[in-house]
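Encoded as C-alpha coordinates, the structure appears first; notes follow it.
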Number of protein chains: 2
Amino acid sequence: MSDIVKKLEDYCKNNNIKITEQRKIIVETIADSNDHPDVEQVFIRAKEHDSKISIATTYRTIKLLEEAGIIEKHDFGDGKSRYELVTDDHHDHLIDIQTGDIIEFYDEELEKLKDKIADKLGFKLVDHRLELYAIKSSSKK
Amino acid sequence: MSDIVKKLEDYCKNNNIKITEQRKIIVETIADSNDHPDVEQVFIRAKEHDSKISIATTYRTIKLLEEAGIIEKHDFGDGKSRYELVTDDHHDHLIDIQTGDIIEFYDEELEKLKDKIADKLGFKLVDHRLELYAIKSSSKK
DNA sequence: CTAACTGCAAAGCGTTTGCGATGAG
DNA sequence: CTCATCGCAAACGCTTTGCAGTTAG
(Lines give C-alpha, C1' and ligand atoms only; values in the text may rest on other atoms or scores of the structure.)
Protein backbone atom coordinates (compact mmCIF):
# COMPACT_ATOMS: atom_id res chain seq x y z
CA MET A 1 0.00 0.00 0.00
CA SER A 2 1.23 3.46 -0.76
CA ASP A 3 2.78 5.62 1.91
CA ILE A 4 0.16 8.25 1.44
CA VAL A 5 -2.71 5.89 2.13
CA LYS A 6 -0.88 4.74 5.24
CA LYS A 7 -0.58 8.34 6.36
CA LEU A 8 -4.31 8.76 5.86
CA GLU A 9 -5.07 5.58 7.77
CA ASP A 10 -2.95 6.72 10.69
CA TYR A 11 -4.76 10.01 10.81
CA CYS A 12 -8.14 8.32 10.63
CA LYS A 13 -7.37 5.85 13.39
CA ASN A 14 -6.18 8.61 15.67
CA ASN A 15 -9.25 10.74 15.06
CA ASN A 16 -12.14 8.31 15.02
CA ILE A 17 -12.63 8.86 11.34
CA LYS A 18 -13.45 6.08 8.95
CA ILE A 19 -11.18 5.15 6.15
CA THR A 20 -13.28 4.63 3.06
CA GLU A 21 -12.60 3.60 -0.48
CA GLN A 22 -13.42 7.09 -1.75
CA ARG A 23 -10.95 8.69 0.62
CA LYS A 24 -8.18 6.35 -0.42
CA ILE A 25 -8.86 7.04 -4.07
CA ILE A 26 -8.82 10.78 -3.54
CA VAL A 27 -5.49 10.90 -1.66
CA GLU A 28 -3.93 8.66 -4.21
CA THR A 29 -5.27 10.78 -7.01
CA ILE A 30 -3.65 13.85 -5.51
CA ALA A 31 -0.46 11.94 -4.78
CA ASP A 32 -0.29 10.82 -8.39
CA SER A 33 -0.74 14.35 -9.73
CA ASN A 34 2.45 16.22 -10.27
CA ASP A 35 0.73 19.46 -11.15
CA HIS A 36 -1.41 21.49 -8.76
CA PRO A 37 -4.96 20.32 -9.49
CA ASP A 38 -8.09 22.14 -8.40
CA VAL A 39 -11.00 20.30 -6.85
CA GLU A 40 -12.72 19.62 -10.12
CA GLN A 41 -9.58 18.13 -11.62
CA VAL A 42 -9.16 15.88 -8.62
CA PHE A 43 -12.80 14.90 -8.97
CA ILE A 44 -12.44 14.04 -12.65
CA ARG A 45 -9.26 12.08 -12.09
CA ALA A 46 -10.73 10.25 -9.12
CA LYS A 47 -13.71 9.24 -11.20
CA GLU A 48 -11.39 7.32 -13.47
CA HIS A 49 -10.90 4.94 -10.56
CA ASP A 50 -14.44 5.04 -9.22
CA SER A 51 -16.96 6.60 -11.50
CA LYS A 52 -19.55 7.08 -8.80
CA ILE A 53 -17.52 9.36 -6.54
CA SER A 54 -19.35 12.65 -6.03
CA ILE A 55 -18.01 16.18 -6.10
CA ALA A 56 -19.34 16.68 -2.57
CA THR A 57 -17.20 13.84 -1.27
CA THR A 58 -14.25 15.24 -3.16
CA TYR A 59 -14.66 18.58 -1.42
CA ARG A 60 -15.20 16.95 1.95
CA THR A 61 -12.19 14.67 1.58
CA ILE A 62 -9.94 17.46 0.41
CA LYS A 63 -10.91 19.50 3.45
CA LEU A 64 -10.16 16.52 5.64
CA LEU A 65 -6.77 15.94 4.00
CA GLU A 66 -5.93 19.56 4.52
CA GLU A 67 -6.78 19.35 8.21
CA ALA A 68 -4.74 16.18 8.41
CA GLY A 69 -1.76 18.09 7.04
CA ILE A 70 -1.52 15.64 4.17
CA ILE A 71 -2.17 18.16 1.43
CA GLU A 72 -1.92 21.92 1.25
CA LYS A 73 -4.00 24.53 -0.48
CA HIS A 74 -2.73 27.19 -2.84
CA ASP A 75 -4.43 30.09 -4.45
CA PHE A 76 -2.72 31.28 -7.59
CA GLY A 77 -5.27 33.96 -8.26
CA ASP A 78 -7.51 32.19 -10.75
CA GLY A 79 -10.44 31.96 -8.38
CA LYS A 80 -10.11 28.34 -7.40
CA SER A 81 -8.08 26.52 -4.81
CA ARG A 82 -5.36 24.21 -5.95
CA TYR A 83 -3.81 21.42 -3.97
CA GLU A 84 -0.63 19.44 -3.65
CA LEU A 85 0.82 16.89 -1.29
CA VAL A 86 2.72 18.18 1.70
CA THR A 87 6.30 16.98 1.45
CA ASP A 88 9.36 17.49 3.59
CA ASP A 89 10.95 19.72 1.07
CA HIS A 90 9.27 23.08 1.36
CA HIS A 91 9.13 25.17 -1.79
CA ASP A 92 7.55 28.31 -3.16
CA HIS A 93 6.04 28.89 -6.57
CA LEU A 94 6.85 30.90 -9.62
CA ILE A 95 3.93 31.31 -12.01
CA ASP A 96 4.65 31.92 -15.67
CA ILE A 97 1.94 34.44 -16.47
CA GLN A 98 2.15 33.72 -20.17
CA THR A 99 1.65 29.97 -20.02
CA GLY A 100 0.22 29.40 -16.56
CA ASP A 101 3.05 26.98 -15.83
CA ILE A 102 3.96 26.68 -12.20
CA ILE A 103 7.59 26.21 -11.28
CA GLU A 104 8.49 25.11 -7.79
CA PHE A 105 11.64 26.44 -6.22
CA TYR A 106 13.42 26.53 -2.91
CA ASP A 107 15.84 29.18 -1.81
CA GLU A 108 17.65 28.83 1.46
CA GLU A 109 18.48 32.49 1.73
CA LEU A 110 14.81 33.38 1.30
CA GLU A 111 13.72 30.99 4.03
CA LYS A 112 16.11 32.54 6.49
CA LEU A 113 15.11 36.03 5.49
CA LYS A 114 11.42 35.40 6.07
CA ASP A 115 12.05 34.28 9.62
CA LYS A 116 14.29 37.24 10.18
CA ILE A 117 11.70 39.70 8.95
CA ALA A 118 8.94 38.28 11.14
CA ASP A 119 11.31 38.32 14.08
CA LYS A 120 12.22 41.92 13.47
CA LEU A 121 8.55 42.84 13.56
CA GLY A 122 8.10 41.06 16.87
CA PHE A 123 6.43 37.98 15.47
CA LYS A 124 7.08 34.31 15.22
CA LEU A 125 6.52 32.98 11.73
CA VAL A 126 3.88 30.26 11.51
CA ASP A 127 3.34 30.06 7.81
CA HIS A 128 3.97 32.07 4.71
CA ARG A 129 3.17 32.32 1.09
CA LEU A 130 5.36 33.58 -1.69
CA GLU A 131 4.47 33.60 -5.30
CA LEU A 132 6.46 35.14 -8.08
CA TYR A 133 4.60 36.07 -11.23
CA ALA A 134 7.00 36.29 -14.10
CA ILE A 135 7.71 35.92 -17.80
CA LYS A 136 10.51 34.03 -19.49
CA SER A 137 13.62 36.17 -19.75
CA SER A 138 13.95 35.36 -23.43
CA SER A 139 10.39 36.50 -24.12
CA LYS A 140 9.96 39.62 -26.17
CA LYS A 141 8.11 42.30 -24.30
CA MET B 1 -9.87 68.19 -4.84
CA SER B 2 -7.98 65.19 -3.59
CA ASP B 3 -5.05 63.75 -5.52
CA ILE B 4 -6.78 60.45 -5.85
CA VAL B 5 -9.83 61.90 -7.52
CA LYS B 6 -7.52 63.73 -9.89
CA LYS B 7 -5.80 60.48 -10.72
CA LEU B 8 -9.17 58.94 -11.48
CA GLU B 9 -10.19 61.87 -13.64
CA ASP B 10 -6.99 61.61 -15.64
CA TYR B 11 -7.57 57.95 -16.24
CA CYS B 12 -11.17 58.54 -17.26
CA LYS B 13 -10.30 61.32 -19.69
CA ASN B 14 -7.66 59.20 -21.34
CA ASN B 15 -9.96 56.23 -21.73
CA ASN B 16 -13.27 57.71 -22.74
CA ILE B 17 -14.79 56.76 -19.43
CA LYS B 18 -17.17 59.00 -17.57
CA ILE B 19 -16.34 60.35 -14.19
CA THR B 20 -19.37 59.99 -11.99
CA GLU B 21 -20.23 60.97 -8.45
CA GLN B 22 -20.33 57.29 -7.41
CA ARG B 23 -16.85 56.66 -8.77
CA LYS B 24 -15.43 59.64 -6.94
CA ILE B 25 -17.02 58.54 -3.71
CA ILE B 26 -15.67 55.01 -4.06
CA VAL B 27 -12.04 56.02 -4.72
CA GLU B 28 -12.16 58.45 -1.87
CA THR B 29 -13.64 55.84 0.40
CA ILE B 30 -10.77 53.50 -0.36
CA ALA B 31 -8.24 56.31 -0.05
CA ASP B 32 -9.63 57.18 3.37
CA SER B 33 -9.41 53.59 4.60
CA ASN B 34 -6.15 52.72 6.25
CA ASP B 35 -7.01 49.10 6.59
CA HIS B 36 -7.51 46.66 3.72
CA PRO B 37 -11.28 46.68 3.18
CA ASP B 38 -13.19 44.09 1.20
CA VAL B 39 -15.84 45.08 -1.32
CA GLU B 40 -18.65 45.00 1.18
CA GLN B 41 -16.78 47.25 3.59
CA VAL B 42 -16.10 49.72 0.80
CA PHE B 43 -19.76 49.54 -0.11
CA ILE B 44 -20.92 50.23 3.45
CA ARG B 45 -18.48 53.09 3.91
CA ALA B 46 -19.38 54.58 0.55
CA LYS B 47 -23.03 54.50 1.50
CA GLU B 48 -22.28 56.87 4.35
CA HIS B 49 -21.62 59.48 1.68
CA ASP B 50 -24.31 58.42 -0.75
CA SER B 51 -26.86 56.01 0.60
CA LYS B 52 -28.13 54.96 -2.80
CA ILE B 53 -24.88 53.57 -4.17
CA SER B 54 -25.33 49.93 -5.13
CA ILE B 55 -23.10 46.96 -4.49
CA ALA B 56 -22.98 46.32 -8.26
CA THR B 57 -21.50 49.76 -8.87
CA THR B 58 -19.06 49.17 -6.05
CA TYR B 59 -17.84 45.99 -7.70
CA ARG B 60 -17.73 47.62 -11.12
CA THR B 61 -15.84 50.65 -9.86
CA ILE B 62 -13.36 48.59 -7.90
CA LYS B 63 -12.62 46.56 -11.00
CA LEU B 64 -12.11 49.79 -12.94
CA LEU B 65 -9.80 51.22 -10.28
CA GLU B 66 -7.77 48.05 -10.37
CA GLU B 67 -7.40 48.26 -14.13
CA ALA B 68 -6.45 51.90 -13.76
CA GLY B 69 -3.67 50.88 -11.42
CA ILE B 70 -5.13 53.07 -8.70
CA ILE B 71 -5.85 50.29 -6.26
CA GLU B 72 -4.56 46.77 -5.85
CA LYS B 73 -6.19 43.55 -4.82
CA HIS B 74 -5.03 41.24 -2.08
CA ASP B 75 -6.22 37.87 -1.00
CA PHE B 76 -5.38 37.03 2.56
CA GLY B 77 -7.08 33.68 2.47
CA ASP B 78 -10.44 34.53 4.01
CA GLY B 79 -12.32 34.04 0.77
CA LYS B 80 -12.83 37.65 -0.16
CA SER B 81 -10.68 40.13 -2.02
CA ARG B 82 -9.32 43.08 -0.12
CA TYR B 83 -8.11 46.33 -1.58
CA GLU B 84 -5.76 49.19 -0.90
CA LEU B 85 -4.45 52.22 -2.74
CA VAL B 86 -1.37 51.73 -4.87
CA THR B 87 1.40 53.89 -3.47
CA ASP B 88 4.99 54.45 -4.47
CA ASP B 89 6.26 52.60 -1.47
CA HIS B 90 5.86 48.92 -2.16
CA HIS B 91 5.31 46.71 0.84
CA ASP B 92 4.37 43.18 1.76
CA HIS B 93 2.04 41.98 4.48
CA LEU B 94 2.34 40.13 7.72
CA ILE B 95 -0.94 38.73 9.01
CA ASP B 96 -1.35 38.17 12.73
CA ILE B 97 -3.27 34.91 12.70
CA GLN B 98 -4.53 35.44 16.22
CA THR B 99 -6.07 38.87 15.72
CA GLY B 100 -6.33 39.19 11.97
CA ASP B 101 -4.30 42.39 12.11
CA ILE B 102 -2.35 43.16 8.99
CA ILE B 103 1.07 44.71 9.31
CA GLU B 104 2.71 46.25 6.27
CA PHE B 105 6.44 45.99 5.92
CA TYR B 106 9.17 46.63 3.43
CA ASP B 107 12.49 44.86 3.30
CA GLU B 108 15.10 45.90 0.81
CA GLU B 109 17.01 42.66 1.03
CA LEU B 110 13.84 40.72 0.24
CA GLU B 111 13.08 42.81 -2.81
CA LYS B 112 16.50 42.16 -4.25
CA LEU B 113 16.31 38.50 -3.46
CA LYS B 114 13.01 38.05 -5.27
CA ASP B 115 14.44 39.47 -8.46
CA LYS B 116 17.51 37.33 -8.07
CA ILE B 117 15.50 34.15 -7.65
CA ALA B 118 13.37 34.81 -10.72
CA ASP B 119 16.47 35.62 -12.69
CA LYS B 120 18.16 32.43 -11.61
CA LEU B 121 15.15 30.46 -12.87
CA GLY B 122 15.36 32.19 -16.22
CA PHE B 123 12.47 34.55 -15.66
CA LYS B 124 11.87 38.24 -15.41
CA LEU B 125 9.80 39.16 -12.37
CA VAL B 126 6.58 40.96 -13.22
CA ASP B 127 4.78 40.81 -9.92
CA HIS B 128 4.92 38.93 -6.70
CA ARG B 129 3.07 38.27 -3.54
CA LEU B 130 4.47 37.56 -0.14
CA GLU B 131 2.48 37.09 2.98
CA LEU B 132 3.78 36.05 6.34
CA TYR B 133 1.34 34.44 8.74
CA ALA B 134 2.59 34.79 12.26
CA ILE B 135 1.87 35.14 15.96
CA LYS B 136 3.24 37.70 18.38
CA SER B 137 6.59 36.56 19.78
CA SER B 138 5.41 37.22 23.31
CA SER B 139 2.37 34.98 22.82
CA LYS B 140 2.27 31.77 24.75
CA LYS B 141 2.13 28.74 22.54
C1' DC C 1 -25.48 -2.31 15.44
C1' DT C 2 -24.73 2.61 14.95
C1' DA C 3 -22.19 6.55 14.19
C1' DA C 4 -19.74 8.15 10.35
C1' DC C 5 -19.99 8.54 5.53
C1' DT C 6 -21.99 8.82 0.88
C1' DG C 7 -24.52 10.90 -3.25
C1' DC C 8 -27.85 14.06 -4.46
C1' DA C 9 -29.79 18.31 -4.81
C1' DA C 10 -30.49 22.59 -2.68
C1' DA C 11 -28.44 26.46 -0.56
C1' DG C 12 -24.62 29.77 0.47
C1' DC C 13 -21.57 33.30 -0.66
C1' DG C 14 -18.77 36.44 -3.22
C1' DT C 15 -18.98 38.27 -7.68
C1' DT C 16 -20.79 39.27 -12.40
C1' DT C 17 -24.25 40.57 -15.69
C1' DG C 18 -28.71 41.73 -18.49
C1' DC C 19 -31.91 45.14 -18.36
C1' DG C 20 -34.50 49.38 -18.62
C1' DA C 21 -33.90 53.91 -16.50
C1' DT C 22 -30.65 57.81 -15.75
C1' DG C 23 -27.13 61.18 -16.50
C1' DA C 24 -22.36 62.91 -18.15
C1' DG C 25 -20.22 65.12 -21.90
C1' DC D 1 -28.73 63.86 -27.97
C1' DT D 2 -26.19 59.53 -27.16
C1' DC D 3 -23.59 56.36 -25.14
C1' DA D 4 -21.68 55.21 -20.75
C1' DT D 5 -23.26 54.26 -16.29
C1' DC D 6 -26.62 53.37 -12.76
C1' DG D 7 -29.58 50.34 -9.52
C1' DC D 8 -32.00 46.22 -9.39
C1' DA D 9 -32.47 41.56 -9.42
C1' DA D 10 -31.27 37.42 -11.54
C1' DA D 11 -27.42 34.49 -12.70
C1' DC D 12 -22.85 32.76 -11.97
C1' DG D 13 -19.02 29.64 -10.27
C1' DC D 14 -17.02 27.63 -6.51
C1' DT D 15 -17.99 25.61 -2.21
C1' DT D 16 -20.83 23.93 1.66
C1' DT D 17 -24.69 21.53 3.68
C1' DG D 18 -29.28 18.94 4.93
C1' DC D 19 -31.05 14.73 4.18
C1' DA D 20 -32.10 9.88 3.63
C1' DG D 21 -29.81 5.83 2.36
C1' DT D 22 -25.26 3.15 2.93
C1' DT D 23 -21.17 1.24 5.17
C1' DA D 24 -16.94 0.77 8.16
C1' DG D 25 -15.59 -0.78 12.47
Side-chain angles (χ1 to χ4, degrees), chain A residues 1 5-6 8-27 29-30 36-44 46-47 49-68 71-83, chain B residues 1 5-6 8-27 29-30 36-68 71-83:
Chain A
M1 176 200 316
V5 174
K6 202 164 295 165
L8 173 62
E9 292 190 339
D10 285 352
Y11 180 77
C12 289
K13 276 173 195 150
N14 295 332
N15 293 73
N16 194 30
I17 288 170
K18 289 175 181 168
I19 161 86
T20 66
E21 205 47 43
Q22 289 93 328
R23 288 179 176 166
K24 284 193 223 167
I25 289 172
I26 290 169
V27 230
T29 299
I30 298 175
H36 300 73
D38 60 32
V39 176
E40 202 182 343
Q41 287 172 312
V42 172
F43 172 54
I44 290 168
K47 272 203 296 199
H49 298 95
D50 174 0
S51 63
K52 61 195 183 317
I53 274 188
S54 73
I55 187 87
T57 296
T58 310
Y59 272 104
R60 283 190 277 233
T61 303
I62 284 179
K63 179 182 252 183
L64 178 129
L65 294 172
E66 222 189 321
E67 285 163 4
I71 63 175
E72 65 185 330
K73 188 198 317 214
H74 296 294
D75 164 28
F76 297 137
D78 59 352
K80 23 194 172 179
S81 299
R82 295 160 164 282
Y83 297 86
Chain B
M1 178 200 312
V5 174
K6 201 165 296 163
L8 173 62
E9 292 191 339
D10 285 351
Y11 180 78
C12 288
K13 275 172 195 150
N14 295 332
N15 293 74
N16 194 31
I17 288 170
K18 289 175 183 169
I19 161 85
T20 65
E21 204 49 42
Q22 290 93 328
R23 287 177 178 169
K24 284 193 224 168
I25 290 172
I26 290 169
V27 230
T29 299
I30 298 174
H36 301 73
D38 59 33
V39 176
E40 201 181 345
Q41 287 172 310
V42 173
F43 172 53
I44 290 168
R45 291 173 196 174
K47 273 203 294 197
E48 289 168 17
H49 298 95
D50 175 359
S51 63
K52 62 197 182 316
I53 273 185
S54 74
I55 187 87
T57 296
T58 309
Y59 271 104
R60 282 191 275 234
T61 303
I62 283 178
K63 179 181 252 182
L64 179 127
L65 294 172
E66 222 189 320
E67 284 163 6
I71 63 174
E72 65 185 329
K73 188 198 314 215
H74 295 294
D75 164 28
F76 297 137
D78 58 353
K80 23 194 169 180
S81 298
R82 295 160 165 281
Y83 297 87

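Each chain gets a letter, A, B and so on, in the order the sequences are listed, and its residues count up from 1. Hydrogens, waters and symmetry mates are skipped; everything else that's a heavy atom, side chains included, is used.
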*asked:* In the structure I gave you, are the side-chain heavy atoms of Ile53(B) and His49(B) within less than 4.5 Å of one another anywhere?
replied: no
In a table with atom names and distances, give each donor-acceptor pair under 3.5 Å that connects a side chain of residues 19-26 of chain B to protein atoms at least two apart or in another chain.
from: Thr20(B); atom 1: OG1; to: Arg23(B); atom 2: N; distance (Å): 3.3
from: Arg23(B); atom 1: NH1; to: Lys18(B); atom 2: O; distance (Å): 2.6

*State, to the nearest 10°, the angle formed by the axis through the first five base pairs of the helix from dC1(C)-dG25(D) to dG25(C)-dC1(D) and the axis through its last five.*
30°
*Search all heavy atoms of Lys80(B) against all heavy atoms of Asp75(B) and return the closest pair with its distance.*
O-OD1, 4.3 Å
*NE2 of His74(A): more than 12 outside heavy atoms within 6.0 angstrom?*
yes
*Rounded to whole angstroms, how far apart are OH on Tyr11(B) and P on dT5(D)?*
10 Å
*Between CG of Asp10(B) and NZ of Lys13(B), what distance do you get to the nearest 0.5 Å?*
6.5 Å
*Which of residues 36-44 of chain B sit near DNA chain D, with a heavy atom under 4.0 Å from it?*
none
*Tell me, for nucleotides 16-25 of chain D in 5' to 3' order, what letter each nucleotide earns: B for a base near a protein heavy atom under 4.0 Å, S for only sugar-phosphate near one, - for neither?*
BBB-----BS
*Give a yes/no on whether any side-chain N or O of Arg23(B) is located under 4.0 angstrom from OP1 or OP2 of dA4(D).*
no
*Nearest-0.5 Å distance, CG of residue Leu65(B) to CD1 of residue Ile30(B)*: 5.5 Å
*Quickly, which of Gln41(B), Lys73(B), Glu72(B) forms a side chain to side chain contact (heavy atoms under 4.5 Å, CB included) with Tyr83(B)? Name it, please.*
Lys73(B)
*On DNA chain C, which is the earliest and which the latest nucleotide, 5' to 3', with an atom closer than 4.0 Å to a heavy atom of chain B?*
dG14(C) to dG25(C)
*With respect to Val42(A), which candidate in Ile62(A), Val27(A), Ile71(A), Thr61(A) satisfies the side chain to side chain contact (heavy atoms under 4.5 Å, CB included) definition?*
Ile62(A)
*Is the number of heavy atoms from other residues, nucleotides or ligands within 6.0 Å of CG (Asn15(B)) greater than 12?*
yes
_Quick check for you: to the nearest 0.5 Å, what is the distance between Ile55(A) atom CD1 and Lys47(A) atom NZ?_
7.5 Å
_What is the distance, to the nearest angstrom, from the CD1 atom on Ile25(B) to the C1' atom on dT5(D)?_
14 Å
*Would you list the pairs meeting salt bridge (Lys or Arg N to Asp or Glu O under 4.0 Å) in which at least one residue belongs to residues 57-68 of chain A, sequence neighbours left out?*
none
*asked:* Tell me the interatomic distance from Ile62(B), atom CD1, to dC6(D), atom P, rounded to whole angstroms.
replied: 13 Å
*Starting at atom CG of Asp50(B), determine the distance to atom P of dT5(D), rounded to an integer number of angstrom.*
17 Å
_Cationic N near anionic O, under 4.0 Å, Asp50(A) to Lys52(A)_ = yes
_When you measure from the side chain of Arg45(B) to the backbone of Thr29(B), do you find a donor-acceptor pair of N or O atoms at a distance under 3.5 Å?_
no
*Interatomic distance, Lys80(B) NZ vs dT15(D) P [rounded to whole Å]*: 17 Å
